Amino acid sequence: MENGNKKLRLLWCWAFALALFALVEADGFLVDITYVESAVAKGAVCLDGSPPAYHLAPGFGSGVNSWLVHFQGGAWCNNATDCLRRSLTAFGSSKEMANQSDFTGILSNTPDYNPDFYNWNKVQVMYCDGSSFTGNKEEVDPKTNLHYRGARVWQAIIEDLLTKGMNRAENALISGCSAGGLTSILHCDKFHQLLPVGANVKCLSDAGFFLNVEDVAGEDHAATFFNDVVTTHGSAMNLPSPCTSKLPAGMCFFPQNVVKHIKTPLFILNAAYDSWQIAHNLVPGDSDPHWQSCKNDISQCSAKQLMTLQGFRDHFLEALEEQGNSSTRGQFINSCFVHCQTEMQKTWFAPGSPVLGEKKIADAVGDWFYDRSPFRKVDCPYPCDSTCPK
């Protein structure tokens, strides 16, 4: 009986492994990690002092001189206690990072899943600083051993990629999800300046347009939090100067105060009812227990709560309109209750993916990048969009 159980367990393990392999094969592929050991000597390190890291899938065919640099998301830390906690995880230490990453969505290497960028050099930059790669404090607290060096990490990784062929790029796109989407906004023009003259360089922010909005209690929770992030990490000198010359540095973490100054072509992909912003900025923590079901599932919201969410959407669209109508800018603002849509295959490009203006996200971004056609669309209010993921 014991042998029979062992065989059964082995059979189940083998079946699970095959199913997992099939899932990765169908939707993505595994890419090994690269540690930038040379960055340590420059002080470009994660919160715990370990070297930064990324995953690189080399381009092939017509994509060998095209580069997609995608920054991982993962929120921020806004004080020493929070950052110390973070330094014990993969979001603060490369020692805790997985050896491989599953490349799907915009990182897929299959034309059926990623029609315009499948054969590019694709990089996923791991996020281990907690400041959207803006921090730069020289001093290290001996009590915590925390290193606030996000800006140095960003520079070291880009320099390392330039030595691996990005210095010959003909096309380049910096992108990111959430805090990584904010990274692609804050570093957009700087990225462009480091690429070859004449290269087609653009930026894509996925769920990175964080709104400066009061929470349901009337408090400036988001503004206070971002100000603490900037102060903790010493970020002020690494934020866009056209903004910091006019506003307090903490205000320059909000894209609504930055995007209007960006010269490089930028595509903003965002849900007007961004689920993370609603759960953490509009209704932070346990600020109102009556919101618990609603902020986890928009279909559970009361009529009064939906009015509040519609107000959030109105503020979001107003902030976007204030950024001007540059002909080089693209936007895909749908009415889904989601956060990040480029990394998941089901939202990036698949049967049943979100559609706006008769285009899926991958098609809209690809058409904009290659100048096949402009794309600036805003969805109708919730619950009109039947293409949103359930």
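No experiment lies behind these values; they were computed from the predicted model shown. In this chain, numbering begins with 1 at the start of the sequence shown.
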- Note on the structure: The side-chain contact (heavy atoms from CB on, under 4.5 Å) partner of Tyr148 among Asp129, Leu47, Asn136 is Leu47
- Determine whether the aromatic ring centres of Phe103 and Phe29 lie less than 6.0 Å apart. yes
- Item | Distance flag, aromatic centroids of Phe337 and Tyr382, threshold under 6.0 Å | no
- Residue pairs fulfilling salt bridge (charged side-chain N to carboxylate O under 4.0 Å, His left out) with at least one residue in residues 78-93, sequence neighbours excluded: Asp82-Arg85
- Task: Answer with yes or no whether the hydrophobic clustering places Leu204 together with Tyr54; edges join I, L, V, M, F, W, Y residues whose side-chain heavy atoms lie under 4.5 Å apart.
- Result: no
- Here the pair of heavy atoms bringing Thr308 nearest to Val216 is CG2-CG1, 4.4 Å
- Query: Tyr273 and Phe312: aromatic ring centres closer than 6.0 Å?
  - Reply: no
- Decide if the gap between the ring center of Tyr118 and the ring center of Trp348 is smaller than 6.0 angstrom. no
- List the atom of Val230, the atom of Ala236, and the distance in Å for their closest heavy-atom pair. CG1-N, 3.9 Å
- Message: Quick test of your reading: applying salt bridge (charged side-chain N to carboxylate O under 4.0 Å, His left out), list the pairs with at least one residue in residues 185-208, sequence neighbours left out, ordered by first then second residue.
- Response: Lys202-Asp371
- Is a salt bridge present between Asp274 and Arg313, judged by a nitrogen-to-oxygen distance below 4.0 Å? no
- Do Phe133 and Phe71 have ring centres separated by under 6.0 Å? yes
- Message: Quick one about Ser132 and Thr134 (side-chain donor to acceptor, distance below 3.5 Å, no hydrogens or angles considered), yes or no?
- Response: no
